[in-house]
Participant: 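Handing you this structure, nothing more for now.
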Number of protein chains: 2
Amino acid sequence: MPHCHTLIAALRQQGCRLTPQREMIVEALAHGGCHMTAEEVLEIVRQKTQAVNITTVYRTLDLLVERGLATRTDLGEGRIVYATIRHGPHLHLVCRCCGRVIEADASLLALLGETIHDRYGFTPQLEHIALYGVCRECNETRNT
Amino acid sequence: MPHCHTLIAALRQQGCRLTPQREMIVEALAHGGCHMTAEEVLEIVRQKTQAVNITTVYRTLDLLVERGLATRTDLGEGRIVYATIRHGPHLHLVCRCCGRVIEADASLLALLGETIHDRYGFTPQLEHIALYGVCRECNETRNT
DNA sequence: TTCCTTGCAAAGGCTTTGCACACCG
DNA sequence: CGGTGTGCAAAGCCTTTGCAAGGAA
């Protein structure tokens, strides 16, 4: 897991203390997919030890986001997900039917971002956004 | 306020009972902008009477959404906003700095929607979506 | 030793639910 | 009158905060 070592080194460089909890949380996040909730991170860590509290998970994830090492995306409907920066920009396609999350290429948004900037003077943060809709499978099920 | 009469008529047609509370809530939503929280709807209704409860506002707004007369958009960060269907499709540009919400033309998204559909088989619901970023004013303030 | 981190419990904010009473149709 | 709608209070859910104890450096 070379990536999580990078993150841990970065934390140390920034003057943050390294604790077993932080290491495990970073490792869990680095192992996981592109969108993990705090609860999911905790579950993975709990496979190793019970000695981590959900509060610490939240605090560590926030720390990573503050330090620019992770991103936080609000998928709406109470779902807040985190990912390490290694998981580059992407677009979350969230199915309202089955809850599945598809990761799409964020470059699809580049043109949109420019247009919005030109027209409204608004600079959208398009690194990790979520769009709701219905996935292929659910669409097919519906029409059956 | 012809629009709220249409909505009220539609509710009645669908077999819903008309109460003073429902009428006032519908009227408030129709008067308001394109993104009102339940709390904001309540405030407007309260200018007329104290005899409405936030619970009823939530229930009525949910009713309108169920019946297809209003939309519900989760702007993230706990902000859920409602609008009547008369407020056609639009894009919410939410400033992370000042919280301001700019309404943009939803047609900007049409091409994106098609591309996503073709490439991922995912049908995005682009009627009322939210994008986060920084507005022109906050950008200028930052650079001063 | 210093003071950053952690865990626990409790608070917070927003939304939903249970239940008895009210009132529309 | 029957059954839907309302208000109140309380519960739920996820996240944050306060505070004392623990442990990294």
Side-chain angles (χ1 to χ4, degrees), chain A residues 7-26 28-29 35-43 45-46 48-67 69-82 99 130, chain B residues 7-29 35-43 45-46 48-67 69-82 94 99 130:
Chain A
L7 292 174
I8 289 171
L11 269 188
R12 181 183 285 138
Q13 280 186 347
Q14 299 198 23
C16 298
R17 286 190 182 165
L18 279 189
T19 62
Q21 290 93 331
R22 286 187 173 173
E23 286 185 24
M24 287 187 290
I25 290 167
V26 166
L29 187 65
H35 41 262
M36 300 184 73
T37 63
E39 208 63 54
E40 287 165 354
V41 171
L42 181 66
E43 270 176 39
V45 173
R46 282 271 163 92
K48 284 195 168 182
T49 171
Q50 288 293 315
V52 175
N53 190 279
I54 186 70
T55 304
T56 302
V57 174
Y58 278 112
R59 284 197 277 228
T60 302
L61 292 174
D62 286 347
L63 180 74
L64 291 170
V65 173
E66 274 171 26
R67 303 304 171 119
L69 302 173
T71 58
R72 175 187 152 124
T73 307
D74 190 331
L75 297 184
E77 298 174 2
R79 290 203 279 179
I80 295 175
V81 294
Y82 297 84
Chain B
L7 292 174
I8 289 172
L11 270 188
R12 181 183 286 138
Q13 279 186 349
Q14 298 197 24
C16 297
R17 286 190 184 166
L18 279 191
T19 63
Q21 289 93 332
R22 286 187 173 172
E23 285 185 25
M24 287 187 290
I25 291 168
V26 166
E27 194 176 332
L29 187 65
H35 40 262
M36 300 183 74
T37 64
E39 208 64 54
E40 287 165 351
V41 170
L42 181 65
E43 269 176 40
V45 173
R46 282 273 162 90
K48 284 196 169 183
T49 172
Q50 288 293 316
V52 174
N53 191 277
I54 187 68
T55 305
T56 302
V57 174
Y58 278 113
R59 284 196 276 228
T60 302
L61 291 174
D62 287 348
L63 179 75
L64 291 170
V65 173
E66 275 172 25
R67 303 304 171 117
L69 302 173
T71 58
R72 176 186 153 125
T73 307
D74 190 332
L75 297 184
E77 298 173 3
R79 290 203 279 179
I80 295 176
V81 293
Y82 298 83
V94 187

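In what follows, chains carry the letters A, B, and so on, assigned in the order in which the sequence lines appear, proteins first and then strands, with residues in each chain numbered from 1. Everything numeric here is computed off the predicted structure, so don't read it as measured data.
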Participant: Nearest whole angstrom, please: distance from the P of C:dT5 to the CD1 of A:Ile8.
Facilitator: 15 Å

Participant: Please report the distance, rounded to the nearest Å, between CD1 in A:Ile80 and C1' in C:dG13.
Facilitator: 13 Å

Participant: What is the nucleic acid contact for B:Glu39, judged by heavy atoms within less than 4.0 Å: base, sugar-phosphate only, or nothing?
Facilitator: nothing

Participant: Could you tell me the separation between the CE atom of B:Met24 and the C1' atom of D:dT6, rounded to a whole number of Å?
Facilitator: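 Going from B:Met24 (CE) to D:dT6 (C1'), I get 12 Å.
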
Participant: What integer distance in Å separates A:Arg67:CZ from C:dC4:P?
Facilitator: 11 Å

Participant: Apply side-chain contact (heavy atoms from CB on, under 4.5 Å) to B:Thr19 and list each qualifying residue two or more places apart in sequence or on a separate chain.
Facilitator: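 Listed in chain order: B:Gln21, B:Arg22.
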
Participant: Please state whether the phosphate of C:dG7, meaning OP1 or OP2, lies under 4.0 angstrom from any side-chain nitrogen or oxygen of A:Thr56.
Facilitator: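 A:Thr56 to C:dG7 OP1/OP2: side-chain N or O found under 4.0 Å.
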
Participant: OP1 or OP2 of D:dC8 sitting under 4.0 Å from any side-chain N/O of B:Asn53?
Facilitator: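 For D:dC8, OP1/OP2 do have a side-chain N/O of B:Asn53 under 4.0 Å.
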
Participant: D:dC14 P sits how many Å from A:Tyr82 OH, rounded?
Facilitator: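 To the nearest whole Å, that distance equals 13 Å.
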
Participant: Counting only side-chain heavy atoms from C-beta out, which of D:dT6, C:dT5, D:dT16 sits nearest to B:Thr60?
Facilitator: D:dT6

Participant: Using a cut-off of less than 4.0 Å, is there contact between a side-chain N or O of A:Gln21 and OP1 or OP2 of C:dG7?
Facilitator: yes

Participant: Would you kindly give the CG-to-P distance between B:Asp62 and D:dT4, to the nearest whole Å?
Facilitator: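 Rounded to the whole Å, the gap is 18 Å.
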
Participant: Can you build the contact string for nucleotides 19-25 of chain C? Use B for base contact, S for sugar-phosphate-only contact, and - for no protein heavy atom under 4.0 Å.
Facilitator: -----BS

Participant: B:Met36 has an atom CE; how far is it from atom P of C:dC14, in whole Å?
Facilitator: 16 Å

Participant: Could you tell me which residues satisfy side chain to side chain donor-acceptor pair (under 3.5 Å) with A:Arg46, sequence neighbours excluded, listed by chain and number?
Facilitator: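 Side chain to side chain donor-acceptor pair (under 3.5 Å) list for A:Arg46, sorted by chain: empty.
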
Participant: For A:Ile8, check side-chain contact (heavy atoms from CB on, under 4.5 Å) against everything at least two apart and list the hits.
Facilitator: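 With sequence neighbours excluded, A:Ile8 shows a side-chain contact (heavy atoms from CB on, under 4.5 Å) to A:Leu18, A:Glu23, A:Val26, given in chain and number order.
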
Participant: Could you tell me which non-hydrogen atom of B:Ile25 sits nearest to which non-hydrogen atom of B:Thr56, and how far apart they are?
Facilitator: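 Smallest heavy-atom distance, with atoms named: CD1-O, 3.9 Å.
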
Participant: Residues in side-chain contact (heavy atoms from CB on, under 4.5 Å) with A:Arg59, at least two apart?
Facilitator: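 If we apply the side-chain contact (heavy atoms from CB on, under 4.5 Å) test to A:Arg59, skipping adjacent residues, the hits are A:Thr55.
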
Participant: Apply the side-chain contact (heavy atoms from CB on, under 4.5 Å) test between B:Met24 and each candidate in B:Val41, B:Leu29, B:Val52; give the one that qualifies.
Facilitator: B:Val52

Participant: Counting the atoms with a prime plus P, OP1 and OP2 as sugar-phosphate, which does B:Ala51 contact under 4.0 Å by heavy atoms, base, sugar-phosphate, or nothing?
Facilitator: sugar-phosphate

Participant: Just call it for B:Ile54: base, sugar-phosphate, or nothing, with non-hydrogen atoms closer than 4.0 Å on any strand.
Facilitator: nothing

Participant: Among D:dT16, C:dT6, C:dT17, which nucleotide has an atom closest to any side-chain atom of A:Arg22?
Facilitator: C:dT6

Participant: Between C:dC14 atom P and B:Leu61 atom CG, what is the distance in whole Å?
Facilitator: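 The answer, rounded to whole Å, is 15 Å.
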
Participant: Tell me every residue that passes side-chain contact (heavy atoms from CB on, under 4.5 Å) with B:Glu39, counting only those two or more places apart in sequence or in another chain.
Facilitator: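 In terms of side-chain contact (heavy atoms from CB on, under 4.5 Å), with neighbours along the sequence ignored, B:Glu39 is linked to B:Thr37, B:Leu42, B:Ile54.
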
